[in-house]
Amino acid sequence: MPGSFHCDGRTHCSQMTSCKEATWFINHCPATEMDGNHDGVPCEEQFCRRSSFN
């Protein structure tokens, strides 16, 4: 899936469509506001539930 995402100014979970997309954004784009507790997992309420990583 390389090249599927690109930094386009989106910074919030409400602008994302998946956990994969949000994770890519926090790792590659500046000024994102999707990892409130700074644990490296974005949008935990919307997409990236902790249980999906176990």
Side-chain angles (χ1 to χ4, degrees):
M1 202 134 146
S4 295
F5 305 123
H6 63 278
C7 298
D8 56 12
R10 293 181 287 160
T11 59
H12 295 94
C13 293
S14 61
Q15 299 168 306
M16 300 292 119
T17 60
S18 69
C19 179
K20 188 175 220 173
E21 181 180 40
T23 301
W24 189 91
F25 266 76
I26 69 163
N27 288 317
H28 296 92
C29 304
T32 59
E33 298 179 18
M34 295 180 267
D35 185 11
N37 62 0
H38 307 289
D39 66 351
V41 181
C43 307
E44 290 175 89
E45 301 271 322
Q46 296 89 338
F47 304 115
C48 304
R49 304 218 189 296
R50 268 286 173 200
S51 61
S52 65
F53 291 97
N54 295 330

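Just so it is clear, the model here is predicted, and its values are computed rather than measured. Hydrogens, waters and symmetry mates are skipped; everything else that's a heavy atom, side chains included, is used.
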CD1 on Ile26 to OG1 on Thr32, rounded to 0.5 Å: 6.0 Å
Heavy-atom closest pair, residues Cys13 and Gln46: CB-NE2, 3.5 Å
Residue list, ring-ring contact (aromatic ring centres under 6.0 Å, His included) with His28, at least two apart or on another chain: Trp24
Arg49 to Glu44 - nearest heavy-atom pair and separation: NH1-O, 3.3 Å
Pair listing, salt bridge (Lys or Arg N to Asp or Glu O under 4.0 Å) test, anchored in residues 4-18, at least two apart: Asp8-Arg10, Arg10-Glu21
SG-SG under 2.5 Å, Cys48 vs Cys19: yes
Gap between atom CZ of Phe5 and atom OG1 of Thr23 - 0.5 Å precision: 9.0 Å
Phe47 and Lys20, any side-chain heavy atoms less than 4.5 Å apart: no
